[in-house]
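Notes for the one structure printed next.
All chains are named by letter (A, B, ...) in the order of the sequence lines, taking the proteins before the strands, and each is independently numbered beginning at 1.
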Amino acid sequence: MSFELDNTDRNEMFSNFLHKIIDKDMEEGVYDGRVQTRFPPEPNGYLHIGSAYAINISYSIAQKYGGKFNLRFDDTNPAKEDMEYVESITRDMKWMGFDWEDRLFYGSDYFDRIYEYAVSLIKKEKAYVCELTLDEIREYRGTLTSPGKDSPYRNRSIEKNLELFEKMRSGEFEAGTKVLRAKIDMSSPNMNMRDPVMYRIQFVSHYRTGDKWCIYPMYDFAHPLQDYIEGITHSLCSNEFKNHRPLYEWFLNELEIKSPPKQREFGRMNITGAVTSKRYLRQLVKGEFVDGWDDPRLPTLSGLRRRGFTPESILNFLNEIGVSKDSSTVDIAMLEHSLREDLKGKVPCLMAVLRPIKLVLTNYPKGQVEMMEIQNNPESPELGSRKVPFTGELYIEEEDFMEIPAKGYHRLSPGNEVRLKGAYIIKCEEVVKNEKTGEILEIRCTYDPETRSGLIGSARKVKGTIHWVSSMHALNAEVHLYERLLPKDAEGEVEDWSEYINPNSLVVLKNCFIEPELKASKPGERFQFIRLGHFCVDEKYTTDKKLVFNRIVPLKDTWKKNNK
RNA sequence: UGGCCUGUCGCCAAGUGGUAAGGCACGGGACUUUGACUCCCGCAUUCGUAGGUUCAAAUCCUGCCAGGCCAGCCA
């Protein structure tokens, strides 16, 4: 009988400052008890673990309060957006289980309405067409410590503004010559309130609306309206938008929206050793420093998926790290912990030899093959067992033999005994080496027939147990091991990413041997290789003729840790 | 040097005036045909800092220090 909490319970118990805000709204009946959140990605890149963190905040809150969750593509800048990204984003969200039901929206669907709202602000004398150049606007804006000054176009008549704005829309002006601005306060200590631009002219074809528009609303103007149009109650975003909140509220207030949505901010999440900036990710992909957006070294959701992470492990990770107002840098060890936790007791544990050395049993009958029955996962008997062929010629892991054993080493060494997992106790009698190079060619051992697993003699204890594979039965496989992609953090503008890439971030081992049992394994299948880690069959490079495994995470290795 | 925000163990993070939860990491031990897993045990007399209010402060007040964000016709 287990009383452990499942995720639902954990979510129920988990509380943060956002829950308190919503609890209060519920209590006061601000939105008639309604909760609706949204995730508004711009389709200009792939989702990564930081995006999943943001999605999870909005998604789990909608779930907790029996509310709704929308997916909305915030596509108000045609120069940067593309359909490829909306497809990848929806695919990754579905994989994670973030369900927007029938509420998939596009900010571009609201262009007509947003235009009308702009017109009504002009009519209220709260917006004007400005003809200052880009540089002039910057100059007039002032600095962080000094106020700006009013644009000479600030006090045009409503009629003139209406006329000019209409002409902007119909394409009579060149890009950059005119913008629509909100009339707020050029001396506000908040730069966002110094007559922010609401609309700019862009003769760029939009991936959805084509050439219908040549003016596009800015984020600050479009976002509160998108939220309002969709009935969003709580518009949750990360801290860098904190300074935009007064503007968000200003637009909704001037437009006299009742029960306006609330923008609330949370701290961003970073992970040690992972690149979670969209900008850097794009540079790495476009510059072909990595194998696409789904490179297993990247913290993109597609990269994590290809690497072998489960959506459950990512979700548990996100729920365990929590949310606060402060930004965080979470240790990647927590993510790895979540994966091990999820897979343990769930996937078969098999044997693989990554760096093989030949081992010969000199007293084992020539040509004999025994089928050793081994449990697939001792913690989960329901996963059954398999028969593994055992012969007198095996491969073992290079690091499981030491000619001169270090103190505390209890695997194979000359004269020493060790158990072959699921088979016999063996003793190392001789080491055959290449006379010139000193390279170990094979290890010769004798086995004790009385100690076969299951026999009475198997009760004898030896200090070490190692994994093995029969050389004539083993399958050849390629294994990819990963380390940090960037050993040092990049700063500012990076000219050449190759200077930052860790050459060991991807280690390809082409000559690995695995149990014949794995012959039928399919891309995406996961296994634990005993003592080596959790692995996933790569979905991109595995073919009928070639098996490629990605190591998701290594297993803990206290011996290696203590001897490093 | 303007405004806003944030500072609780190495890393996340509860706590919201009544005497510091939990997880990861780490250290020690038991168990083990995975040096894994599991199981025990340990791990903040102290909450950025200095004062103040109070019978009582991580929680309230004041000053200081540190970090973050903002001067795109990006989102």
Side-chain angles (χ1 to χ4, degrees), chain A residues 13-16 20 40-42 44 74-77 79-81 130 132-134 137-139 141-148 175-181 188-194 196-202 215-216 218-220 222-223 237-246 265 267-269 272 278 317 320-338 340 344-345 349 351 374-375 378-379 408-411 419-423 425 451 453 458-459 461-467 528-533 554-562:
Chain A
M13 293 177 60
F14 180 67
S15 93
N16 61 43
K20 274 166 208 119
E42 181 183 24
N44 67 347
D74 198 352
D75 50 2
T76 57
N77 184 355
K80 298 168 78 177
E81 296 146 7
C130 180
L132 254 24
T133 64
L134 196 77
I137 286 185
R138 185 179 304 128
E139 192 189 320
R141 185 155 37 221
T143 70
L144 295 174
T145 51
S146 61
T177 58
K178 289 178 179 55
V179 291
L180 183 72
R181 292 229 254 170
S188 170
N190 183 342
M191 300 297 281
N192 295 305
M193 301 300 272
R194 321 243 261 228
V197 172
M198 295 164 61
Y199 265 94
R200 78 287 214 182
I201 301 170
Q202 266 187 122
I215 57 171
Y216 293 92
M218 299 288 289
Y219 166 87
D220 280 314
H223 208 87
C237 60
S238 51
N239 273 158
E240 68 260 40
F241 293 99
K242 186 103 190 168
N243 296 335
H244 295 248
R245 188 151 117 195
E265 310 80 13
R268 282 185 85 93
M269 182 210 54
T272 58
K278 239 188 196 179
F317 165 76
E320 263 158 26
I321 62 176
V323 193
S324 70
K325 293 184 184 178
D326 198 11
S327 67
S328 60
T329 304
V330 180
D331 195 327
I332 188 103
M334 282 211 212
L335 212 209
E336 298 179 342
H337 165 81
S338 286
R340 291 192 199 100
K344 129 184 114 197
C349 304
M351 295 190 286
I374 301 180
Q375 280 201 296
E379 285 179 49
Y409 187 76
H410 50 240
R411 275 112 88 180
R419 170 171 292 282
L420 293 175
K421 165 92 182 161
I425 291 176
T451 59
S453 283
S458 73
K461 301 289 182 198
V462 287
K463 274 188 285 181
T465 300
I466 65 173
H467 55 274
Q528 184 195 111
F529 288 160
I530 288 170
R531 304 208 313 117
L532 298 174
L555 251 30
K556 290 184 185 174
D557 187 338
T558 54
W559 192 82
K560 189 179 277 181
K561 193 176 67 191
N562 294 333

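Taking the C1' atoms as reference points, rC60(B) lies 22 Å from rC4(B), given to the whole Å. Of the P atoms belonging to rA50(B) and rU8(B), the separation is 16 Å, rounded to the nearest Å. rU6(B) and rA13(B) have their C1' atoms separated by 15 Å, given to the nearest Å. Rounded to whole Å, the separation between the P atoms of rG48(B) and rA36(B) comes to 37 Å. For the P atoms, the distance linking rA57(B) with rU16(B) amounts to 15 Å, nearest Å. rA30(B) and rA44(B) are spaced 28 Å apart, taking the C1' atom of each and rounding to whole Å.
Each of rG35(B), rU34(B), rC70(B) was ranked by its minimum atom distance to the side chain of Gln528(A); first place goes to rU34(B). The side chain of Val330(A) sits closest to rC12(B) out of rA25(B), rG35(B), rC12(B). Listed nucleotides rC69(B), rA13(B), rC24(B) differ in distance to Ser328(A); the shortest reach to its side chain belongs to rA13(B). Residue Leu144(A) has its side chain nearest to rA71(B) when only rA71(B), rU34(B), rU6(B) are considered. Of the listed nucleotides (rU6(B), rU34(B), rG23(B)), rU6(B) has the atom at the smallest distance from the side chain of Lys325(A). Among rG35(B), rG15(B), rG2(B), the nucleotide with an atom closest to any side-chain atom of Ser15(A) is rG15(B). The side chain of Asn16(A) has rA14(B) as its nearest neighbour among rA14(B), rC24(B), rU6(B). Side-chain proximity of Lys561(A) to the nucleotides rC12(B), rA14(B), rC26(B) is greatest for rC26(B). With rC11(B), rA71(B), rC37(B) as the choices, the nucleotide that has an atom nearest any side-chain atom of Lys344(A) turns out to be rC37(B).
Base pairing of rG17(B): no nucleotide in any strand meets the Watson-Crick or G-U wobble criterion (both distances under 3.5 Å). Nucleotide rU32(B): unpaired (no Watson-Crick or G-U wobble partner with both distances less than 3.5 Å). Base pairing of rC37(B) is not made with any nucleotide, judged by Watson-Crick or G-U wobble geometry with both donor-acceptor distances under 3.5 Å. Base pairing of rU54(B): no nucleotide in any strand meets the Watson-Crick or G-U wobble criterion (both distances under 3.5 Å). Both distances falling under 3.5 Å, in either a Watson-Crick or a G-U wobble arrangement, occur for no nucleotide opposite rU46(B). rA66(B) is paired with rU6(B) under the Watson-Crick or G-U wobble criterion, all donor-acceptor distances under 3.5 Å.
Residue order along RNA chain B, read from the 5' end via each residue's closest nucleotide, puts His337(A) first among Asp557(A) and His337(A).
Contact annotation for Thr558(A): backbone-only contact, meaning every heavy-atom pair under 4.0 Å involves sugar-phosphate atoms and none involves a base. If you check every strand for non-hydrogen atoms under 4.0 Å, Ser453(A) touches a base. Gly267(A) comes within 4.0 angstrom of nothing in the nucleic acid, heavy atoms only. Nucleic acid contact class of Lys20(A) (heavy atoms, under 4.0 Å, all strands): base. At a threshold of 4.0 angstrom between heavy atoms, the contacts of Phe317(A) with the nucleic acid are absent.
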Strictly under 3.5 Å: I want the nitrogen or oxygen pairs between protein and nucleotides 7-9 of chain B, one per line.
none

Polar pairs (N or O, both sides) under 3.5 Å between protein and nucleotides 73-75 of chain B?
{"residue": "rC73(B)", "atom": "OP1", "partner": "Arg141(A)", "partner atom": "NH2", "Å": "3.4"}
{"residue": "rC73(B)", "atom": "OP2", "partner": "Arg141(A)", "partner atom": "NH1", "Å": "3.1"}
{"residue": "rC73(B)", "atom": "N3", "partner": "Gly176(A)", "partner atom": "O", "Å": "3.4"}
{"residue": "rC73(B)", "atom": "N4", "partner": "Leu132(A)", "partner atom": "O", "Å": "3.2"}
{"residue": "rC73(B)", "atom": "N4", "partner": "Leu134(A)", "partner atom": "N", "Å": "3.3"}
{"residue": "rC73(B)", "atom": "N4", "partner": "Gly176(A)", "partner atom": "O", "Å": "2.7"}
{"residue": "rC74(B)", "atom": "OP2", "partner": "Arg200(A)", "partner atom": "NE", "Å": "3.2"}
{"residue": "rC74(B)", "atom": "OP2", "partner": "Arg200(A)", "partner atom": "NH2", "Å": "3.0"}
{"residue": "rC74(B)", "atom": "O3'", "partner": "Arg200(A)", "partner atom": "NH2", "Å": "3.1"}
{"residue": "rC74(B)", "atom": "O2'", "partner": "Asn77(A)", "partner atom": "ND2", "Å": "3.1"}
{"residue": "rC74(B)", "atom": "O2'", "partner": "Lys80(A)", "partner atom": "NZ", "Å": "3.1"}
{"residue": "rA75(B)", "atom": "OP1", "partner": "Thr76(A)", "partner atom": "OG1", "Å": "2.8"}
{"residue": "rA75(B)", "atom": "OP1", "partner": "Arg200(A)", "partner atom": "NH1", "Å": "3.3"}
{"residue": "rA75(B)", "atom": "OP1", "partner": "Arg200(A)", "partner atom": "NH2", "Å": "2.9"}
{"residue": "rA75(B)", "atom": "OP2", "partner": "Tyr219(A)", "partner atom": "N", "Å": "2.9"}
{"residue": "rA75(B)", "atom": "O3'", "partner": "Asp74(A)", "partner atom": "OD2", "Å": "2.8"}
{"residue": "rA75(B)", "atom": "N6", "partner": "His244(A)", "partner atom": "NE2", "Å": "3.2"}

What pairs of nitrogen or oxygen atoms, one from the protein and one from nucleotides 41-44 of chain B, lie under 3.5 Å apart?
none

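rG72(B) takes the syn form, because its glycosidic angle lies no more than 90° either side of 0.
With hydrogens and angles ignored, no donor-acceptor pair under 3.5 angstrom links the side chain of Glu379(A) to the base of rU38(B). Not a single donor-acceptor pair, N or O on each side, falls under 3.5 Å between the base of rU34(B) and the side chain of Arg531(A). Under 3.5 Å, the side chain of Asn239(A) and the base of rC5(B) form no donor-acceptor pair of N or O atoms.
Listed by chain and number, the residues in a side chain to side chain donor-acceptor pair (under 3.5 Å) with Glu379(A) amount to none (sequence neighbours excluded). Among residues two or more places apart in sequence or in another chain, the side-chain contact (heavy atoms from CB on, under 4.5 Å) test is passed with Lys20(A) by Ser15(A). Considering only residues two or more places apart in sequence or on other chains, Glu139(A) meets the side-chain contact (heavy atoms from CB on, under 4.5 Å) condition with none of them. By the side chain to side chain donor-acceptor pair (under 3.5 Å) test, Lys421(A) is found to be paired with no residue, residues two or more places apart in sequence or in another chain being considered. Under the salt bridge (charged side-chain N to carboxylate O under 4.0 Å, His left out) criterion, Arg200(A) pairs with no residue at all, not counting sequence neighbours. Partners of Val197(A) according to the side-chain contact (heavy atoms from CB on, under 4.5 Å) rule, which considers only residues two or more places apart in sequence or in another chain, are Val179(A), Arg181(A), Met218(A). In terms of the side-chain contact (heavy atoms from CB on, under 4.5 Å) criterion, residue partners of Pro196(A) (sequence neighbours excluded) are, by chain and number, Ala182(A), Ile184(A), Leu247(A). In this view, Arg419(A) satisfies the salt bridge (charged side-chain N to carboxylate O under 4.0 Å, His left out) rule with no residue, not counting sequence neighbours. When the ring pair (Phe, Tyr, Trp, His ring centres under 6.0 Å) test is applied to Phe317(A), no partner is found at least two apart in sequence or on another chain.
A donor-acceptor pair under 3.5 Å is formed between the side chain of Asn192(A) and the backbone N or O of Asn243(A). A donor-acceptor pair is defined here as one N or O able to donate and one able to accept, closer than 3.5 Å; such a pair exists between the side chain of Ser188(A) and the backbone of Asn190(A).
Taking each heavy atom of Cys349(A) and Ile530(A) in turn, the nearest pair found is CB-CG1, 4.0 Å.
In this structure, Gln528(A) and Lys344(A) have side chains that are not in contact, with every pair of non-hydrogen atoms separated by 4.5 Å or more.
Atoms CD1 (Ile374(A)) and C1' (rU33(B)) sit 9 Å apart, rounded to a whole Å.
Side-chain atoms of Asn44(A) and Lys278(A) include a donor-acceptor pair closer than 3.5 Å.
In this structure, Glu240(A) pairs ionically with Arg268(A), as a charged nitrogen and a carboxylate oxygen lie closer than 4.0 Å.
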